[in-house]
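Ligands are counted one by one from 1 in listed order, and the atoms in each one are counted from 1 as well.
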Amino acid sequence: MPLEKLVLPSPLQKLDDQRFVEKSVEVYLKRDDLIHPVISGNKWRKLKYFIAQHDSHLGVLSFGGAFSNHLVALAYACNQRGIPSVGIVRGERSSEQNSTLSYCQKLGMQLHFADRQTYKKRNQVDYWRELQAVYPNYVILPEGGRTKEALLGVGEIITEVPLEFTHIVCPVGSGTTLAGLAAKVQYHQQVIGVAALAKADYLRAEVEQLLMLQDKDKNNWQLMTDFHLGGFAKSSPDLLSYIQRFYQLHQVTLDPIYTGKMCMAFEKMLLADKFPPGSKIILLHTGGLQGWHGFKQMKRVNDDYLASINWLPAD
Ligand SMILES: *Cc1c(COP(=O)(O)O)cnc(C)c1O
């Protein structure tokens, strides 16, 4: 698979929709999905400075699921600098057959499978010690690339935008992207994060913690926790048809885990008059399109559906 060049700065696309006109708002999509066909925009941004500052004599070890956007981005970033990488993958070795993981391997990442019980320990010091004994020359990177450096990389999204916007809306997993945006925007601009997982209220404290790492004490951000549709990677017929409609209107493919839920939540908030007339809103398309592999493999969507949203596997 070719290692396409990264497209930066990512394009900003105006979205035309009668409903936006009716609410007197302007809506733009920041196309971080176009940075690379496989690597999720925000995952790459989160890794950029971490990898740039990393001692290339040491490898990097991190964690992810069998369709992890983070592991793909890490494999890519390490490959670019000739840094060895190890991915601790949740699940059994059989999942190795999937295209996400084989892409990681093609990029030189060594995979290490951890059963669900073990994977649960991924943030525990004891487990890190065990891993460090097996991989002594590796630096351990928290799942999702949640580091101080990540905030700087994410902040560049704001620097790239030439527009005086009032709100930026993003999907939320670990909250790192939300924190990076909040650290960078001006005080009169609002950042709205939409949690992709259930019971996400705990993330508010994590975002605050991350902002503290940047010496930023800001309260111009919010986390919406009611749009997860039952949990991480859970979906609904509504979401699937929403994504289809979004494609028909804008010719942009969303992913089912993060950006589909985020855009659908945005429209619900818009219809509930959460955005005053005159608002200029940016929706952040973080990428993640390779996540459809998981939906396809588990037969949660068929090929006709995928063709209708113009999703083509990149391999
Ligand atoms: C990981 C990911 C997110 C969530 O980013 P966080 O910084 O972990 O909150 C959003 N969108 C996509 C496509 C992702 O891969």
Side-chain angles (χ1 to χ4, degrees), residues 10 29-50 62-77 100 103-104 122-123 141-157 168-184 191-197 200-211 213-214 221-225 227-228 232-233 235 243 252-266 283-295 311 314:
S10 67
L29 193 61
K30 176 70 171 156
R31 300 287 310 271
D32 271 14
D33 57 312
L34 295 180
I35 292 178
H36 187 275
V38 178
I39 292 140
S40 283
N42 80 324
K43 292 294 182 291
W44 179 79
R45 289 194 193 270
K46 289 199 278 183
L47 287 168
K48 179 181 168 187
Y49 286 103
F50 177 83
S62 195
F63 310 87
F67 296 97
S68 167
N69 291 330
H70 167 61
L71 289 184
V72 177
L74 179 64
Y76 178 87
T100 304
Y103 191 60
C104 288
R122 66 191 176 280
N123 296 320
L141 172 67
E143 188 186 40
R146 190 177 175 282
T147 61
K148 187 178 168 181
E149 291 80 16
L151 302 194
L152 295 178
V154 169
E156 292 183 348
I157 293 170
I168 181 163
V169 189
C170 70
V172 172
S174 68
T176 315
T177 302
L178 173 57
L181 296 174
K184 191 73 186 180
V191 186
I192 301 173
V194 177
L197 53 151
D201 294 301
Y202 76 97
L203 285 174
R204 292 202 182 90
E206 310 245 320
V207 172
E208 266 161 28
Q209 234 178 32
L210 283 164
L211 283 169
L213 291 178
Q214 281 268 313
W221 59 273
Q222 298 171 59
L223 177 68
M224 313 306 290
T225 55
F227 297 102
H228 54 75
F232 188 71
S235 92
I243 289 172
V252 176
T253 310
L254 300 173
D255 86 293
I257 316 244
Y258 292 106
T259 57
K261 284 182 186 178
M262 181 270 293
C263 289
M264 192 160 98
F266 160 68
L283 308 178
L284 178 62
H285 192 324
T286 41
L289 295 175
Q290 67 92 26
W292 283 112
H293 280 297
F295 269 56
W311 180 78

Without placing hydrogens or testing angles, list every side-chain donor-acceptor pair under 3.5 Å for residues 254-265, not counting sequence neighbours.
| from | atom 1 | to | atom 2 | distance (Å) |
| --- | --- | --- | --- | --- |
| Asp255 | OD1 | Tyr258 | N | 3.4 |
| Asp255 | OD1 | Thr259 | N | 2.6 |
| Asp255 | OD1 | Thr259 | OG1 | 2.5 |
| Asp255 | OD2 | Ile257 | N | 2.9 |
| Asp255 | OD2 | Tyr258 | N | 2.9 |
| Thr259 | OG1 | Asp255 | N | 2.8 |
| Lys261 | NZ | Ala196 | O | 3.4 |
| Lys261 | NZ | His228 | O | 2.6 |
| Lys261 | NZ | Gly231 | O | 2.9 |
| Lys261 | NZ | Lys234 | O | 3.0 |

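For the pair Thr100 (side chain) and Phe67 (backbone), a donor-acceptor distance under 3.5 Å is absent.
A donor and an acceptor atom, one from each side chain of Gln290 and Asn69, are located under 3.5 Å apart.
Contact between Glu156 and Lys48 at its shortest, heavy atoms only, is OE1-NZ, 2.8 Å. Heavy-atom minimum distance, Ser10 versus Asp32: OG-OD1, 2.6 Å.
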Pairs under 3.5 angstrom, nitrogen or oxygen on both sides, ligand 1 versus protein: list them out, please.
| from | atom 1 | to | atom 2 | distance (Å) |
| --- | --- | --- | --- | --- |
| ligand 1 | 5 (O) | Asn42 | ND2 | 2.9 |
| ligand 1 | 5 (O) | Thr177 | OG1 | 3.4 |
| ligand 1 | 7 (O) | Lys46 | NZ | 2.8 |
| ligand 1 | 7 (O) | Thr176 | N | 3.4 |
| ligand 1 | 7 (O) | Thr177 | N | 2.8 |
| ligand 1 | 7 (O) | Thr177 | OG1 | 2.7 |
| ligand 1 | 8 (O) | Lys46 | NZ | 3.0 |
| ligand 1 | 8 (O) | Ser174 | N | 2.8 |
| ligand 1 | 8 (O) | Ser174 | OG | 2.7 |
| ligand 1 | 9 (O) | Gly173 | N | 2.7 |
| ligand 1 | 9 (O) | Ser174 | N | 3.0 |
| ligand 1 | 9 (O) | Gly175 | N | 2.9 |
| ligand 1 | 11 (N) | Thr286 | OG1 | 2.6 |
| ligand 1 | 15 (O) | Lys43 | NZ | 2.7 |
| ligand 1 | 15 (O) | Asn69 | ND2 | 2.7 |

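The aromatic rings of Tyr76 and His36 are tilted relative to each other, their planes meeting at an angle between 30° and 60°.
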